[in-house]
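Residue numbering restarts at 1 for every chain, and letters A, B, ... go by the order of the sequence lines.
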Amino acid sequence: MSSTKEEAPAVRVLGLWASPFVIRVLIALRLKGVEHEVLEEVVGKKSELLLRSNPVHKKIPVLLHHGKPISESLIIVQYIDEVWSSNAPAVLPADPYVRAVERFWAQYIDDKFPRGIRILKGTVDGNKDEIVEQLSTALQLLEEAFLKLSNGKHYFGGDNIGYLDIALGSHVGWVRAVEKIAGVQLLDAAKVPHLVAWADRFCAHPAVMDVLPDADRFVEYSVKYGSFFPTRSSTTK
Amino acid sequence: MSPSTVKLIGAFGSPFAHRAEVALRLKGVPYELLLEELMISKSDLLLKHNPIHKKVPVLLHGARTICESLVIIEYIDEAFDGPAIMPTDPYERAMARFWAHFMDNKCAKPFMLSVWSEGEVQKGFLKEVKENLALLQAQLEGKRFFAGESIGYLDIVLCSLAHWLTVIEEATGVKLVADDEFPDLRRWAKEYTSNEIVKQCLPDRDQLLAFYTAHLERYKMIAKAMLQQ
């Protein structure tokens, strides 16, 4: 699989370690055992390669596979699963209905968490109490989804982490960080005990542990850079 | 798997419900259409099956419930036998999903707001609409459909550009796109709306125009709320 010639690695990821969206891609690649190179962007300054590779959104992550760019984290994760389909484990579940359920929740997660986290970090104006309530409700729903999907096993994906584990788990770093920053409780063992246990297992998983740092590192990042996400006006989501 | 009843909760005039219907018809899946009257109230059935978003379409397949039009299309493609809706190549699939996501996340708001805003704000949204359309047109690459020779995922996803766009222009009196702009998109729109399968579930243009005209104030309110967010 590895080349003997001098050439750019077949699989490269343009990213930033603190981005949950980048973390998703790295987890998927590690899970599949795919050799890859990570090109770390400089915070606040987008590289020429990034701008060329994702001219539409100019955002990380971008996966470059033999130079061809793929953008949007969940799309990249599905791409990885499809290209390296012969590498176990499967990321997407085999059953079309379970897939649909996981895709539904992954979309829901990205509707709620990125914005909610930005508000709790103070990057964007918003009603923090309202957000805590919204995210708590979301986590409650996800706790129920976990019980249904895991079927008594360790992960949303069952015996191993899968698409939905990655979609939600990638946000755990920042969720725990904003709990400290805003002084709130989201992953509350009294309210969502199964998710709390799942989060610990997820973070300790071999494909995850080296790319999802502790909450403190995210807190440090937030202090250092003011915000991970560029400051947005209150008129954009 | 033993055959189970397929029902689709939709609503007249919804491009999202249309997406689901086209997918079912392309796949050759018989279904019962349950129409909501969203302007009046949401049915118990809808609220029961889509408690989180309370929106159409909702696909009911036996005991299964699937919400969100893009999720529904992929489910239909994977759960039933029939002609493929998604491309087979992983890179093509990723591209199709990317542009679907672009349509739903980046295009909807500027389209709505370019019609309902005024002055400099409107100019800004109009510019964005044209940039978005240029990007989408580029994906056609001179092909008959976004998917190639026959209709596929991205064609279905972009249906509102093919049919709803000019209706909204007429209902609101705001011309978003000049007659000579985006010729490839216009050609594609004609191909899409004249497709035999699409025609079976495309809302009648006059009825659609009457619908939007009757509910103009409502859409204006939705747009103004969007602008304030």
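For residues 69-80 of chain A, a heavy-atom distance under 4.5 Å to chain B picks out P69(A), I70(A), S71(A), E72(A), I75(A), Q78(A), Y79(A), given by residue number. Within residues 84-103 of chain B, the residues having any heavy atom closer than 4.5 Å to a heavy atom of chain A are P90(B), Y91(B), R93(B), A94(B), M95(B), R97(B), F98(B), W99(B), H101(B), F102(B), listed by residue number. For residues 126-137 of chain B, heavy-atom neighbours of chain A at less than 4.5 Å comprise L135(B), sorted by residue number. Using non-hydrogen atoms only and a strict 4.5 Å limit, the part of residues 48-57 of chain B facing chain A consists of I52(B), H53(B).
For CE of M221(B), the number of neighbouring non-hydrogen atoms (other residues, nucleotides, ligands) closer than 6.0 Å is 12 at most. The environment of E48(A) atom CD is sparse: at most 12 non-hydrogen atoms of other residues, nucleotides or ligands sit within 6.0 angstrom. Counting non-hydrogen atoms of neighbouring residues, nucleotides and ligands closer than 6.0 angstrom, the CG atom of N127(A) exceeds 12 such neighbours. With a 6.0 Å radius and a threshold of 12 heavy atoms from other residues, nucleotides or ligands, E133(A) has its CD atom at or below the threshold.
Using a 4.5 Å cut-off between heavy atoms, V56(A) contacts chain B through its side chain alone, with no backbone atom that close. If you measure heavy-atom distances from H65(A) to chain B, you find no contacts under 4.5 Å at all. D95(A) touches chain B through its side chain: at least one heavy atom from C-beta onward sits under 4.5 Å away, while N, CA, C and O do not.
Taken from CZ in R103(A) to CD1 in I66(B), the straight-line distance is 11.5 Å, to the nearest 0.5 Å. Rounded to the nearest 0.5 angstrom, T65(B) OG1 and Y97(A) OH are separated by 5.5 Å.
Closest approach of V71(B) and A100(A) over heavy atoms only: CG1-O, 3.4 Å. The minimum heavy-atom distance between Y75(B) and P96(A), with the atom names listed, is CD1-O, 3.5 Å.
Using a 4.0 Å cut-off between charged nitrogen and carboxylate oxygen, E74(B) and R99(A) do not count as a salt-bridge pair.
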